[in-house]
Amino acid sequence: MDHTPLFEPAQLGPIQLSNRIMSSGHQTTLVHDHLPTDDFFAYHLTRARGGAGLVVLEAHSVHESGLLTDHTIDASTDAIVEAYEPFAEAIHEADTRLMAQLFHGGRERYAGEYGPPALSASDEPTDRLNVIPRPMETAEVYEMIDAFADAAVRMEQAGLDGVEIVGSHTYLPAQFWSPNVNNRNDEFGGTLENRCRFTVEIADRIREHTTDNFVVGIRLSAEEHSEQGLSFDETLPIIEHIDNTTSLDYWSVVVGSSSTHEGCSYIVPPATESETVTQSPAAVIDQVVDGEMIVTSRINTPEKAMRMLDETGADVVGMTRALIADPELPRKTKSGEWDDVIPCVACNQGCIGRYQEGLPIRCTINPVTGREAEYSDLDSVTTPKSVLVVGGGPAGLVAATTAGERGHDVTLLEATDNLGGQVTAYADLDHRGRYEDWLATLESRLDEHDVTVELNTRFEPDDVAAYDSDEFILATGATGRKPEIPVTESVPAYTAGEALRADDPFGDDVLVADWDGNEAALDVAIEATDAGANVEIVTEAYTPGESVQQYIQNTLLGDLYAEDVTLTPHYRVDAVMGDEVALQNVFNDERERRDSVDTVVFAHGGEANCEQYNILSEADVSVHRVGDCWAPRSLDESVWEAFETATKL
């Protein structure tokens, strides 16, 4: 496909972008004392140098009361100007434009060390975050309008090209314009004009205090995707009124709402959602507003970006998670190196998942993300070593490709007839992301870096001498774990991986035993329901999917409820006796029984494959363990440990 239109210049109000690919505002937690850190600058500068035409920086609180977390950037103080001046200059030298989001979450706020009253248009609670806000006094509303304008002035003083008013996902501007939230009786409540006044006044005040060359845009949710939220038919008159009443250079169109479990999943859409979720409303908005339009969603390939430009009339597309996974996606796409792009798999683990845990941004499949200051350029070795990597799962593939890239002579052994390890069990599931594409990219890099691959080759004791390697990296992974409980032979009992790989493993009634609220249990349940089975998930956790990133958890649990899957928290499987399964409460040992179970699947984590380590530990060789063979954990740890180990050889 010809991607030329993606790289045509785009006008955004008074400024021109070098191309139509942007990194939209997203939280990084690369923040200290509410100011950006050197890692923050390195992270965004890498994406600018990778070819993004526009970088919009994350939510900047315009007022102390809007500091969403302890890691929110504070744009209400002049310290932000000094912090950004050299950064803005460096971004511009990369031929990229730079903007920042101006934000106040209102009632949408997380708890920090101290939780002052949340402010909103009214005292309507937010269900997901369980916050009851304090209605703002009229004088406070005007003070907040001034705070937005003052923050915009600071951004222009720092050298940024513009600001984006965050009215999306039912944050504070949307709380004012929504009749479901705003029940005020002053000039900011009641009629459509009054409810939109807060947003209009913000835009007008920013215009009054900044120059004509400064961009002012807005981000909003075209529809909130929940029963309590606004539909597109309800949002469109709001958009039309704001557009007719004030001057905005662009409209950034998203969907979803932070205030409900159903709506929040669209903030960072999981793999179950396509880029088309914003397509229809964006196409309509493009016809009714004067300014340019930006569309974002799960736009993770150039082909999807091209379709969105063509079918919505958008001027710019947000490819944020794709750029988190590979900041050089624009450059590689333009130069025809698409096969070398690290594909976003939409797992939400390293990006939004870590933010929600208060941790710095990472990418599950790109270990450099968030660590650009240290690892953006891998040094080639002056004295290559002979490196033997044992195991062709994700950890082994990352270790082998990284060591090969640095110039080592690498051989990779895999005991089976294919690469990919445990990932192959779920790589092709419809509700998962592009894991197959990621594995394909890693395999192509094996060839690129002259890694010798030996399939169907199990590492044996004699191989220590036979391969005569300088360094051994063990990435032999883990096998599925089954609890040590009585299990009758008359009922098939699988691990999650075995069930996902097997042909027709499910009977009519399937019980999934979930140890820690993991995603594998949800995978199995979805596959079993698709096969027509009646399914129950029995979990020892507080809820099924507890350890899964919440937007993905919300979506998959919603799908399972729709299929009448029974969800039973706080119980473990104690025994499988014939077609009867005994359950035990994890809190008080209370017992229950399930009859007529045809299939039991244990989603109980892994058991480390450490046989090869025992062999090597007795030999006088340099050996490194990475990933699940060291201890079963998540894909994040496997990829990171493999990469870090290979960079130190």
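Hydrogens, waters and symmetry mates play no part in the numbers below; they use all other heavy atoms, side chains included. For clarity, every value in this text was computed on a predicted model and none was experimentally measured.
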**Message:** Any heavy-atom pair between the side chains of His3 and Glu303 that's under 4.5 Å?
**Reply:** yes
**Item:** Side-chain H-bond candidate by donor/acceptor type, Ser386 with Glu471, under 3.5 Å
**Value:** no
**Ser24 side chain to Thr320 side chain, donor-acceptor N/O pair below 3.5 angstrom** = yes
**Prompt:** Quick one: do the Gln349 and Ser634 side chains pair a donor with an acceptor below 3.5 Å?
**Reply:** no
**Request:** Would you check if there is a donor-acceptor pair between the side chains of Gln549 and Tyr355 at a distance under 3.5 Å?
**Result:** no
**Prompt:** Does a donor on one side chain sit under 3.5 Å from an acceptor on the other, for Thr301 and Arg434?
**Reply:** no
**Asked** Quick one: are the ring centres of Tyr571 and Trp515 less than 6.0 Å apart?
**Response** no
**Asked** Taking all non-hydrogen atoms of both residues, which atom of Ala646 and which atom of Ala403 are closest, and how far apart?
**Response** CB-N, 3.7 Å
**Message:** Looking at every non-hydrogen atom in both residues, tell me the closest pair between His624 and Leu649 and how far apart they are.
**Reply:** NE2-CD2, 3.7 Å
**Message:** Distance alone, cut at 3.5 Å: any donor-acceptor contact between the side chains of Thr479 and Glu607?
**Reply:** no
**Item:** Check: His26 ring centre within less than 6.0 Å of Phe40 ring centre
**Value:** no
**Request:** May I ask you to check whether Asp636 and Thr364 show a side-chain donor-acceptor distance below 3.5 Å?
**Result:** yes
**Item:** Polar contact flag, side-chain donor to acceptor under 3.5 angstrom, Tyr467-Glu454
**Value:** yes
**Prompt:** Is the shortest side-chain N to carboxylate O distance from Glu372 to Arg49 below 4.0 Å?
**Reply:** no
**Prompt:** Below 4.0 angstrom, N of the basic side chain to O of the carboxylate: do Glu644 and Arg371 qualify?
**Reply:** no
**Fill in**
The reported gap from CD in Glu540 to CG in Asp514 (rounded to nearest 0.5 angstrom) is 8.0 Å
**Asked** Is Arg331 paired with Glu337 through a side-chain N to carboxylate O contact shorter than 4.0 Å?
**Response** yes
**Prompt:** Rounded to the nearest 0.5 Å, how far apart are OG1 of Thr599 and CG of Asp509?
**Reply:** 8.5 Å
**Asked** Would you say the side chains of His431 and Asp559 form a donor-acceptor pair under 3.5 Å?
**Response** no
**Complete:** With Pro343 as partner, the option from Asp326, Asp437, Asn300 fulfilling side-chain contact (heavy atoms from CB on, under 4.5 Å) is Asp437
**Message:** Salt bridge or not between Arg445 and Asp340? Use side-chain N to carboxylate O under 4.0 Å.
**Reply:** yes
**Message:** Closer than 4.0 angstrom, basic N to acidic O: yes or no for Arg432 and Asp523?
**Reply:** yes
**Message:** Looking only at side-chain N and O atoms, does Gln27 offer a donor or acceptor that is under 3.5 Å from a partner on His71?
**Reply:** no
**Message:** In terms of relative ring orientation, are His604 and Phe602 parallel, tilted or perpendicular, with 30° and 60° separating the classes?
**Reply:** perpendicular
**Prompt:** Ring centres of Tyr542 and His570 under 6.0 Å apart?
**Reply:** yes
**Asked** What's the shortest heavy-atom distance between Pro632 and Gly606, and which atoms?
**Response** CG-O, 3.3 Å
**Request:** Indicate whether any N or O donor in one side chain lies under 3.5 Å from an N or O acceptor in the other, for Thr4 and Asp2.
**Result:** yes
**Asked** With the threshold set at 4.0 Å, does a side-chain nitrogen-carboxylate oxygen contact exist between Arg354 and Glu357?
**Response** no
**Prompt:** Does a side chain donor of either Thr476 or Asn609 reach within less than 3.5 Å of an acceptor in the other side chain?
**Reply:** no
**Asked** Asp628 and Gln422: side-chain donor and acceptor closer than 3.5 Å?
**Response** yes
